[in-house]
Amino acid sequence: MKKLLRFLSISALLVGLSLILQQPQTVKAETMVAIPVEDSSFVTAGKGVTPTKATQLQPTNPVYGLSAWKVETSASLISGTGPEPWFRAGLAYKIGQDTWLTNTQTLIIPQNKVVNTPVNFKPRVYDDSYVAGIVDNDGPVALWGSTDYTNKWVL
């Protein structure tokens with residue numbers, strides 16, 4: 001009986017710990033957030049490689065528009081030619097291990113700030129038509145930290 005009670009106590013403790021560890025974490029206020037503007041793909045330059053050229057980037061898993069991603073770091077890219085959304089990119093934003101999004105795929109905003117335009121938004125002088133999107137939400141938004149949509153922070 002004591003062994004069963006001890007086993008149940010340890011099991012309950014482990015279940016409780018796993019639930020606590022899976023809770024969303026709050027990230028620092030200066031964190032930048034990448035929001036893809038449409039469904040496309042994450043890109044990679046290879047394991048442990050920081051890209052320097054847009055032509056190095058290869059598509060991987062799908063990424064969904066209007067999802068939100070914590071930006072770990074950014075890298076300047078030399079743009080190349082080819083299909084959008086990444087070959088004409090000038091910046092890549094690391095959002096996970098060997099996983100990047102480019103400035104042609106995403107809007108970048110600071111967390112916990114209201115801004116008039118995204119950080120990476122540059123209107124073109126020759127084209128005055130653009131689309132602005134607003135997500136109106138009175139609750140928390142999931143800020144994803146892994147491409148399998150399992151690791152999230154509170155935004």
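A donor-acceptor pair is defined here as one N or O able to donate and one able to accept, closer than 3.5 Å; no such pair exists between the side chain of T106 and the backbone of P36. Without hydrogens or angle criteria, D98 side chain to G48 main chain gives a donor-acceptor distance under 3.5 Å. Side-chain atoms of T44 come within 3.5 Å of backbone atoms of G46 as a donor-acceptor pair (strictly under, hydrogens ignored).
T52 pairs by the side chain to side chain donor-acceptor pair (under 3.5 Å) definition with Q56, not counting sequence neighbours.
Remark: T31 OG1 to I109 CD1 distance equals 11.5 Å, nearest 0.5 Å. Annotation: the span from T99 atom OG1 to E72 atom CD amounts to 9.0 Å, rounded to 0.5 Å. How far OG of S74 is from CD1 of I95: 13.5 Å, rounded to the nearest 0.5 Å. Separating the CD atom in Q105 from the CG atom in D39 is a distance of 11.0 Å, to the nearest 0.5 Å. One finds the OH atom of Y93 at 8.0 Å from the CE atom of M32 (value rounded to the nearest 0.5 Å). Atoms CG and OG, from N61 and S41 in turn, are 8.0 Å apart once rounded to the nearest 0.5 Å.
Minimum interatomic distance between A75 and T50 (heavy atoms only, all atoms of both residues): CB-CG2, 3.8 Å. Between Y64 and S67, the closest heavy-atom pair is O-OG, 2.6 Å. In this structure, V33 and A68 approach most closely via the heavy-atom pair CG1-CB, 3.9 Å. Scanning both residues, S79 and A54, for their nearest heavy atoms gives CA-CB, 4.1 Å.
The shortest distance between side-chain heavy atoms of L77 and L57 falls below 4.5 Å. Between I35 and W69, every side-chain heavy-atom pair lies at or beyond the 4.5 Å cut-off. In this structure the side chain of P118 never reaches within 4.5 angstrom of the side chain of I108, judged on heavy atoms. Using a 4.5 Å heavy-atom cutoff, the side chains of P110 and V119 are in contact.
The hydrophobic cluster containing V43 does not contain I78, counting ILVMFWY residues as joined when their side-chain heavy atoms lie under 4.5 angstrom apart, directly or transitively.
Side chains of T102 and W100: no donor on one and acceptor on the other come within 3.5 Å.
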